[in-house]
Structure formats: C-alpha cells, structure tokens
Enquirer: 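One structure, pasted below without further comment.
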Amino acid sequence: MGWESLFVSEFERLQVSSDPHLRGRQLEDLLERLFRSVHFRVQRDAGAARPRQTDLVVGYDDTWYVVEAKWEKAPVGVDTFDGVRTRMERAVPGSIGVIISVAGFTDTVLPQVVEFRGRQPVLLIGERELLQVFHAPESLSNLLKTKRDELIVHGRAHLDKNTTRTAERRPVNDLPAASLTLLGGDLEPLPYMTAKDGFAELVFVHELPDVDWVIAGGNGVTVDLPVRRLDENGLVDLVHTLNAMGWTTAEPSWSIRQATTAWHGTGAREFVNALIGRKKRYDGLEEPHHTEQVTYFDTCASGGFYTLTADVSSDPSRIVLRCNISFHLVGIPVDMAPLRHLFERYDAMATGFFRPLTGRAVTRGHLENPEPLEAVGYLVSSDGIPSTSWASRSEGTSEGAEIPEKWVTGIVARNPYYRPARGTTPEGWPAAAESSEFVVCALRSHHPLGEKPECYSLISWELARTSDAQVFRLVADW
C-alpha cells in the first residue's frame, strides 16, 4: 500500500471519530507525516511563534509556513485568522500562514485574507483540497505555491479548486505549424500518414541529437517527468505548456497508434489536430482497442531531446491513463529554472531526479548493400537554399538558373523489413519497427520536389531509447 492510500485511509478513519479533541491531535500527526513524506522541513509546536503555540512550522526551499490545523464543527472564522496573523508577526521573517480547516471557512475570512496579503499572507486549505493532497502528496508543494501566487500576485484567495487537470482547450493556432509538409504519392498534402501497424512506443524522427557528442568527457543524463490526472484537454494543455516554455520546435515528430493502425506525422499543431480528431482517424477502423498510444518527440535548444508518451482511452471520456516525459540532456543544466518550473507545475518535484546514461545515447547501423525503397510520400521543406550534394549532382545547371523553392528532405517508404522472416533483418534493427507498414526516412541528399530521382535506397539508421520509447531515425539516399 502506497503512502497515498495510507493517508487517505487514516483520514477516513478520523472522520468517524467521536472524540473531537483526539481527532484534532491525530490530524496534526497526520499532517506532520504528510509534510515530511514530500521533503518539507517540519518543526512541531515550534517556538518561533511564542508566546502563542502553533501546530506546525514547515519549510520548503527558502519559504517557511506557519500551519494551523482545525477540525471543528463550525467553519473557521476571523478570530482564527487573526490569531494566525499575530503568530506570524513573531515567527520567521517573511513566513506565510496556512490554515487547514476540514469544516471550511466563513464568508468573512476571504476578504480579510485578501486585505492583509501584503503584510501577513495566509493561505486557506479546505477539506476537498486536503483530501486531494492525501491522494497525491507530491502535489502539496505546488498547491501552496499556486495559492501563494494567486494571493500575492493576483489578489485572489485560492480555495477548493479542483486539482484534476481538465484544462479548457487552447486555440491550436497558438502552437507552431510544422516546417515540413507531408505529401502523399500524388503530391497532395496529408495531415498524417496512415499505416498498418500495432502498439509500439516507437517514433520516426527527422533529426536525432546525440547527447554524447560533446567535447567534455562523461555521459549524458536522463530525467523523467510523470504527469498525472489528465484527460485529452489536459494532454493538449501539456503540449501548450512545453511550447510556452520554449521546448517546442517547428519539427517535432509523433505517432498515434491503435491495435492495427498507426498515424505518423510532424508538427505540434498537426499533432493536436490529429489527437482531438479521433472520430476522423477511426473512420473505417474495425473494433478499435479501448486505448491508443501516443509518442511525441522534440529537440531541446540547449542540446538533447525529449519524448512524451501517453496512453489515452478511446472512449468519449478521453482519460489519460498514463503520461510521461523523458528528457535526454547533454548534462545537468546549471540553470535549473526551466525544468524546475515544469516539474512544479505538474506536482513532480518529489519524484524528479537525474540519472546518468550508462551506455551510448545513440546507436547506429549501416547497410553494406543499400536497400531499395518504394516511396509513398514525401516530407517537403520550403527552403530556398539548395543542398551542396544536389548542386554537385545536378549536371548542366546554368549559373543563372532559378533555385527551386520546395525541397524533398525526407520520404515515407514501404518498410523493407515489414513482418520479416526470422533472421532476415539487419543486426540492430529494432523489433518494434517490424510491424510498421511504412517507415519515415530522412534524406542524406535533398532534391527539388519537381525533380524526383529514379530510386531511393536505405543506407543507415540511428536509434535512441528513452525510459518508455524508441526514437528511430532512418537515412536514405538517391
């Protein structure tokens, strides 16, 4: 039984207690264990607020909280609020008051909280929020931070707000559109490529940073962010949050998978449209599984990349059953603020830690004999700068010739190792790719859209593994 279940069961036991005084003391004991379990520094009956006694003084980072817990029949009124303010005047300078009341608060308390926020800020926690924290203790530090910001910055008393992440859906146009356009074999634009496939947390990517490719010795690091209590809107909000924090480029890659079908695409905006467009994707799909897999990949500006994986229910509730972001970074950043803000936002400060990569971050394979590919789609960039390789291969190009505006930088091809006989795949080829009807390949040499080569061939690949996904970059040439 985890600490969440222990806290909840203990609280439920106290609810049927017939001794109010004993119940109050046991609530203080329970709160002390709660704070300690998520790494708060705790002082019971601290002398900081003498001559008055307070229940707990707890510290997290550089912030101290003077905590008063009440479990009485009547809601907490102004008298208790004034008492906490008086104790704060004698407590740690800059401390913040916290009143936890199972019976709630009178209407007269909230205006007082707002009025005195500049001198003695006091945060209020009711029964509903307390129970939610007992279910998810790691959310406690972020709940206090959110209440503090709401009170001090916005002048609002944050009370009994549902912590389940069912955010209102933001406009998809707030996200960057893909810099690459996906075209079908007929050169018509496609929102994604639909392929026969199955469940496999694997994503095809156009570029794959190698976090070991640095001058310094040693290895890269990984850190995981588990995100809980999401629905589809919350998952979309997570993508918007990553974008707002500067972790979304114009070339993310993604896959959404069902039991027999996969949809592959590029672009954050395109990913959200595909995710929320479940009915359109499921059109003609026979007996969809009750869950679909999501794998999303993007690079980090400071070096490295991350994968976002999620299991999303296929029914109209669109509950996210599991969600995790796994970062691969060059090293532990000196400036931890961006990661810290992300972990605080999703109540994961108590569970986040860095781990060194013990092996090569990226493994590579090369075919001695290039494997012919049948292209069924194209990834096109509107880049007016021709590649050097195309210029060297293009014969008879006059000096004043017009530079093409659209360049094929990748292809979608039939998988040459689709459901292969045992022992026929190259060494190092991931088994998760064998069920995919199509593969997405980056081109080593780009070419103009209007000048298709006679044939393409697979020449090499790169593979990286995060905690729960495989990132696969195939390289083809012509």
Enquirer: Under 4.0 Å between a side-chain nitrogen and a carboxylate oxygen: does that hold for E292 and R278?
Expert: no
Enquirer: Test side-chain contact (heavy atoms from CB on, under 4.5 Å) on T260 and L285 and set out the steps.
Expert: CA-CA 9 Å; T260 60; L285 191 65; 3.8 Å; yes
Enquirer: Any side-chain to backbone donor/acceptor pair from W254 onto G267? Under 3.5 Å, distance only.
Expert: yes
Enquirer: If you look at every heavy atom in F35 and L56, which pair is closest and at what distance?
Expert: CD1-CD1, 4.1 Å
Enquirer: With heavy-atom distances below 4.5 Å as the criterion, would you say the side chains of V362 and D212 are in contact?
Expert: no
Enquirer: When you compare the side chain of R228 with that of S139, does any pair of heavy atoms fall below 4.5 Å?
Expert: no
Enquirer: Report yes if some heavy atom in the side chain of W71 is under 4.5 Å from a heavy atom in the side chain of Q26; otherwise report no.
Expert: no
Enquirer: Run Q132 and L143 through side-chain contact (heavy atoms from CB on, under 4.5 Å) and show every step you take.
Expert: CA-CA 10 Å; Q132 288 171 337; L143 176 66; over 6 Å; no
Enquirer: Restricting to side chain to side chain donor-acceptor pair (under 3.5 Å), what partner residues turn up for E270, sequence neighbours left out?
Expert: none
Enquirer: What's the separation between atom CD in Q120 and atom OG1 in T86, rounded to the nearest 0.5 Å?
Expert: 8.0 Å
Enquirer: How long is the straight-line distance from CD1 of I325 back to OG of S467, given to the nearest 0.5 Å?
Expert: 12.0 Å
Enquirer: Could you check whether atom CD of E286 has more than 12 heavy atoms from other residues, nucleotides or ligands sitting under 6.0 Å from it?
Expert: no
Enquirer: Under a 4.0 Å N-O cut-off, is there an ion pair linking D19 with R25?
Expert: no
Enquirer: I'd like to know if E201 pairs up with R322 as an ion pair, taking the criterion as any Lys NZ or Arg NE/NH1/NH2 lying under 4.0 Å from an Asp or Glu carboxylate oxygen.
Expert: yes
Enquirer: Starting at CD1 of I256, measure out to OH of Y192 and round the result to the nearest 0.5 Å.
Expert: 8.5 Å
Enquirer: If you apply the rule side-chain contact (heavy atoms from CB on, under 4.5 Å), what do you find for F297 with T295, and how did you get there?
Expert: CA-CA 7 Å; F297 165 93; T295 308; over 6 Å; no
Enquirer: Answer whether the closest heavy-atom distance between the side chains of I100 and V67 falls below 4.5 Å.
Expert: yes
Enquirer: Is the shortest heavy-atom distance from the side chain of V133 to the side chain of E129 under 4.5 Å?
Expert: no
Enquirer: So which heavy atom on T249 is nearest to which on P176, and how close?
Expert: O-CG, 3.8 Å
Enquirer: Is R269 reaching over with its side chain to a backbone N or O of L175, donor-acceptor style, under 3.5 angstrom?
Expert: yes
Enquirer: Decide if atom CD of E287 counts as having more than 12 heavy atoms of other residues, nucleotides or ligands within a radius under 6.0 Å.
Expert: no
Enquirer: Going by the salt bridge (Lys or Arg N to Asp or Glu O under 4.0 Å) test, which pairs reach into residues 252-263, not counting sequence neighbours?
Expert: D197-R257
Enquirer: Would you call F343 and M336 a side-chain contact if the rule is heavy atoms closer than 4.5 Å?
Expert: no
Enquirer: Is the backbone of A469 close enough, under 3.5 Å, to the side chain of T466 for a donor and an acceptor to pair up by distance?
Expert: yes
Enquirer: Does a side-chain heavy-atom distance below 4.5 Å link F105 with V113?
Expert: no
Enquirer: Is the ring centre of H264 less than 6.0 Å from the ring centre of F438?
Expert: no
Enquirer: Which residues pass the side chain to side chain donor-acceptor pair (under 3.5 Å) test with H206, sequence neighbours left out?
Expert: T409
Enquirer: Just jot down the salt bridge (Lys or Arg N to Asp or Glu O under 4.0 Å) partners of D149, sequence neighbours excluded, or say none.
Expert: K145
Enquirer: What distance do F327 atom CZ and T222 atom OG1 have between them, rounded to the nearest 0.5 Å?
Expert: 9.5 Å
Enquirer: Go through the steps for L151 and H158 under the test side-chain contact (heavy atoms from CB on, under 4.5 Å), then give the verdict.
Expert: CA-CA 7 Å; L151 180 61; H158 179 286; over 6 Å; no
Enquirer: Any heavy-atom pair between the side chains of I125 and S101 that's under 4.5 Å?
Expert: no
Enquirer: What pairs of residues pass the salt bridge (Lys or Arg N to Asp or Glu O under 4.0 Å) test when at least one of them lies in residues 348-360, not counting sequence neighbours?
Expert: none
Enquirer: With distance as the sole test, does T266 use its side chain to make a donor-acceptor pair with the main-chain N or O of P252 at under 3.5 Å?
Expert: yes
Enquirer: Salt bridge check, R85 against D82: does any charged N sit closer than 4.0 Å to a carboxylate O?
Expert: yes
Enquirer: First locate atom CD of Q293, then atom CG of L321, and finally report the distance between them rounded to the nearest 0.5 Å.
Expert: 11.0 Å
Enquirer: Apply the test side-chain hydrogen bond (donor to acceptor under 3.5 Å, both in side chains) to residues T309 and T307: give CA-CA distance (whole Å), side-chain angles for both, the deciding distance (0.1 Å), then the verdict.
Expert: CA-CA 6 Å; T309 58; T307 58; 5.7 Å; no
Enquirer: Which heavy atom of V227 sits nearest a heavy atom of L238, and at what distance?
Expert: CG2-CD2, 4.2 Å
Enquirer: About how many Å separate OG1 of T248 and OH of Y306, when rounded to the nearest 0.5 Å?
Expert: 4.5 Å
Enquirer: Which heavy atom in V408 sits nearest to a heavy atom in L443, and how many Å separate them?
Expert: O-CD1, 3.5 Å
Enquirer: Side chain to side chain contact (heavy atoms under 4.5 Å, CB included) with H154: which residues, sequence neighbours excluded?
Expert: E150, R156
Enquirer: Between Q258 (side chain) and H289 (backbone), is there a donor-acceptor pair under 3.5 Å?
Expert: yes
Enquirer: Do the side chain of S313 and the main chain of R318 share a donor and acceptor less than 3.5 angstrom apart?
Expert: yes
Enquirer: Please find the pair of heavy atoms, one from N219 and one from L357, that lie closest to each other, and give the distance.
Expert: CB-O, 3.0 Å
Enquirer: If you look at every heavy atom in V114 and A157, which pair is closest and at what distance?
Expert: CG2-N, 4.2 Å
Enquirer: Mind telling me whether F204 and F472 have parallel, tilted or perpendicular rings, with 30° and 60° as the class edges?
Expert: tilted
